[in-house]
Every structure is written in C-alpha cells, then in structure tokens.
Protein chains: 2
Amino acid sequence: MDTIGFEQHDHKNCVKGALSAVEAHCAAHKLQFTAVRRRVLEILLSEHRAMGAYEILDVLRDEGLGSQPPVAYRALDFLVSHRFAHKVERLNAFIACTHPGETHTPAFLICRSCDAVAEAHAEPSKGMLGRVASETGFFIEQAVVEAIGLCPQCRKGALPCP
Amino acid sequence: MDTIGFEQHDHKNCVKGALSAVEAHCAAHKLQFTAVRRRVLEILLSEHRAMGAYEILDVLRDEGLGSQPPVAYRALDFLVSHRFAHKVERLNAFIACTHPGETHTPAFLICRSCDAVAEAHAEPSKGMLGRVASETGFFIEQAVVEAIGLCPQCRKGALPCP
DNA sequence: GGTTAATATGTTATAGAATTACAATTATCA
DNA sequence: TGATAATTGTAATTCTATAACATATTAACC
Ligand SMILES: [Zn+2]
Ligand SMILES: [Zn+2]
Ligand SMILES: [Zn+2]
Ligand SMILES: [Zn+2]
C-alpha cells in the first residue's frame, strides 16, 4: 500500500507539498537547499518519472544552471543522501521521493512497457530478506527492492514483450 | 536460508557440480554451451564473487578468447537469460548462480566491506512486494532484491563506514 | 563587520559500463 | 550438401559516473 505513480492525482498539489516538505526539512536540519538542488528536485517532481542524470543535466544546461555532469550528480547525491529522491538501480535513473522527510525504505514497481515507476514502502528487516539476514548473521544497512513487470494500464492494453 | 557465499565450502566440488548442472540443462534444452560461454561461467564460478564485465573480458583477452566488450556481454547475456548467472544491479557486476537449472528468484546479500556476495532465494510474489503489487494491480515479472550491509566476518572485524 | 573554515560550484579530463552495426564464421537441420 | 539460423569478430559509439583542482559562496566565530 501507500503506492503512488500509477493512479491519477492532484499533481500540482503533489509537487507543492513535496517541495514544502523538503524546504521544511532542510530548514530544520540546516541543509543548504540551493538553487541547483531545488531545480533538480523540481524537474524530478514535475516529470514524476525516473530520469537519467544526463537527461536532467540537459534541462539544467538549457536553463543556464550548469552544463557538466558533476553539477547534476552532486545535486542528485544531495537529494538521494537525504532521501528527497531515490536511485532506481535497474534503470540507472533517479526519481523524486513521495514521502520526503520520513525515514523509509522504498520499493519500486517498474513498468517495462510505459516506464512508469511507483514507489511503495518496504521493510526489509522484516520479511524474507530479514529472516535470511538474521539466519546468516548479515547486517542489513540498505536494501534495493525493485519489481519489473506491467502496470495496471499496460496490463489491460496487453502489450506483449517489447 | 539456502544462502551461500559467506561460509566455507568444498569449492572444487561446487564448481564441478555447477558446470555439470549447466551442461545437462543445455543438453536437455538444445542450448549451445560454447567455449566462450563456458569459460565465462568458469571464471565466475572460480572467483565466486561478483565480477564486472570488463574484468571478465580481461581474462578472456589474456586467453585469446575475445578482446571486445560484446564478447563478454554476449556470453553474460546468455548466462543471465538462462539463469546460470545473475546480474547484481547495485554493483554493475555478475555472479554465477548457486542453483543453476532451477527456476528461482535470487536475492543478494552484499557486504560493503569485503565485497562478498551471498545468493539467497526470494519469492517476491509473496511477502510485501507481492501484496503491494496485487493491491495496485501490478504484474511482477522479475524482481531485484539486494541488501547492502556487513557480512558476519566483517561485522566481527568491526570495520566502520568505508 | 571582517576573518576563517566549511560547503558548494565551475570546469576539464577521464574512467567505467553497455550497445549498435556490420562482417565473418560456425552450427543445425532438412 | 546446401540453406538457414545462431554465434563470433571488430570498430565505433553512447551512456553513466567520478577524479581532480580551481573558484566562489556561505556559515560561524570573534
Ligand atoms: Zn521515498
Ligand atoms: Zn505501464
Ligand atoms: Zn541463482
Ligand atoms: Zn564482508
């Protein structure tokens, strides 16, 4: 549950709310929410999909906010490290978090047909992974949980393997 | 359970068994287990760790089995698509499967300190991910499940953050 | 306010991972 | 054997990510 990404929603408010939450969190924790960082988050939020670093960089370049890869990667590092955005390993791409500020472990549902990505919550310490880890003596610090398949819409559309 | 990778084991037999299993599976399914494909699997099995495609290519090159990236990637594609090996997304690296032939969904425990990787079994359709998927109407075809943390040995060694 | 230290950005170059495209070879099967 | 499909050789390119160092901005302290 707590999934977002496949359903319609009030996008304008969604963006606004996420930005406010991040602003508040940065203010509270004395983090510098600079122009580039803000803009990168805005780009991710507005598209509401997973975007590659270079795709983001293209936008920044058009706007005169930076033209070299490190500009994008640094901003993304900041956003990811504070969990305002996440990296989708399977896609080598980044996506804005739908629960900024809250501590959480995201799980992603990735549609292979339309590339939509939904973020859900996972609790890796519980469930299979947690059991395996405790049996083995492995200490979990982070977890990558990503499902690849078909979203509800594409499932109906019945597109076969791409 | 059914984890392998952090414990000591009879490695020679482990390699031999895996190769036999793959040979048998290829024979049964009329797959061409060619020299390069076999050698790449052998390399992965012998090292018993996650290796990058270019690292594998270096070995192939030394042995005169190929020198260009596609040689390694094609062999890896074959091995991965038939589940004789897996890709560890988090590491952009590949690892030999510990249960070749069987249909299964691997989950990995990745030690950030010593880079050891253990393969465990996951059943994504069950558990959290499956519940989220069925609630959302998402159809899961594959799953990436990777935990990053500290293996039992490194946990004892008490190495702090790298 | 002015000084210092920490943080963030600009820029160049390079490293690392993966694919496209086309030619040449080898295996499969009728 | 000959036709067909699968695999391999090779060159070039694209995409992803980081290292290194100079400059500028911000925060913190006196
Ligand atoms: Zn999130
Ligand atoms: Zn879709
Ligand atoms: Zn496996
Ligand atoms: Zn370890």
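Each chain gets a letter, A, B and so on, in the order the sequences are listed, and its residues count up from 1.
- C/dA15 atom C1' lies 15 Å from atom CD of B/Glu55, rounded to whole Å.
- Distance CE/A/Met51 to CG/A/Asn92: 15.0 Å, rounded to 0.5 Å.
- The aromatic rings of A/Phe6 and B/Phe138 lie parallel to each other, their planes meeting at an angle below 30°, with 60° marking the opposite boundary.
- Between B/His11 and B/His9, the ring planes lie perpendicular to each other; the angle is over 60°, past the 30° to 60° tilted range.
- For DNA chain D, the contact window with chain A, defined by any atom under 4.0 Å from a protein heavy atom, covers D/dT16 to D/dT26 in 5' to 3' order.
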Exercise for review: Start with the C-alpha gap between A/Cys114 and A/Cys151, add the side-chain angles, then the distance that decides, and say whether side chain to side chain contact (heavy atoms under 4.5 Å, CB included) holds.
Suggested key: CA-CA 8 Å; A/Cys114 70; A/Cys151 76; 3.8 Å; yes
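- A/His29 places its NE2 atom 18 Å from the C1' atom of C/dT7, with the value rounded to the nearest Å.
- Between A/Leu65 atom CG and C/dG10 atom P the separation is 8 Å, expressed in whole Å.
- Applying the ring pair (Phe, Tyr, Trp, His ring centres under 6.0 Å) criterion to A/Phe94, with sequence neighbours excluded, gives no partner residue.
- In the interface, the side chain of B/Tyr54 is paired with the base of C/dA18 through a donor and an acceptor atom under 3.5 Å apart.
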Revision key, fill the gap. Going 5' to 3' through nucleotides 20-30 of chain C and flagging B where a protein heavy-atom sits under 4.0 Å of the base, S where only the sugar-phosphate is that close, and - otherwise, we get BB-----S---
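- Counting only residues at least two apart or on different chains, the side chain to side chain donor-acceptor pair (under 3.5 Å) pairs with a member in residues 13-22 of chain A are A/Asp10-A/Asn13.
- Counting only heavy atoms from C-beta outward, the side chains of A/Glu119 and A/His99 approach each other to under 4.5 Å.
- Note on the helix from C/dG1-D/dC30 to C/dA30-D/dT1: terminal axis deviation equals 40°, with five pairs used at each end and the result rounded to 10°.
- What separates CG of A/Leu57 from P of C/dT12 is a distance of 14 Å, to the nearest Å.
- Contact annotation: the side chain of A/Arg49 never approaches that of A/Val117 to less than 4.5 Å [non-hydrogen atoms, C-beta and beyond].
- A salt bridge links A/Asp58 to A/Arg61: at least one charged side-chain nitrogen sits closer than 4.0 Å to a carboxylate oxygen.
- In this structure, A/Thr34 reaches the C/dT9 phosphate: one of its side-chain N or O atoms is under 4.0 Å from OP1 or OP2.
- Residue B/Met51 contributes atom CE, which lies 12 Å from atom P of C/dA17 at whole-angstrom precision.
- Atom CZ in A/Phe33 sits roughly 13 Å away from atom P in C/dA8 (whole-Å rounding).
- The residue among B/Ser67 and B/Arg37 whose nearest nucleotide of DNA chain D is located toward the 5' end is B/Arg37.
- Residues of residues 76-92 of chain A having a heavy atom closer than 4.0 Å to DNA chain C: none are found.
- Side-chain contact between A/Leu109 and B/Leu129: present, with at least one pair of heavy atoms (C-beta onward) separated by less than 4.5 Å.
- No donor-acceptor distance shorter than 3.5 angstrom exists from the side chain of A/Gln142 to the backbone of B/Gly149, with no hydrogens or angles considered.
- Under the 30°/60° scheme for interplanar angles, the aromatic rings of B/His25 and B/Phe84 are found to stand perpendicular.
- Here A/Arg83 contributes atom CZ and A/His104 contributes atom NE2; the two are 6.0 Å apart, rounded to the nearest 0.5 Å.
- Here the CD1 atom belonging to A/Ile148 is positioned 9.0 Å from the CD1 atom belonging to B/Ile140, to the nearest 0.5 angstrom.
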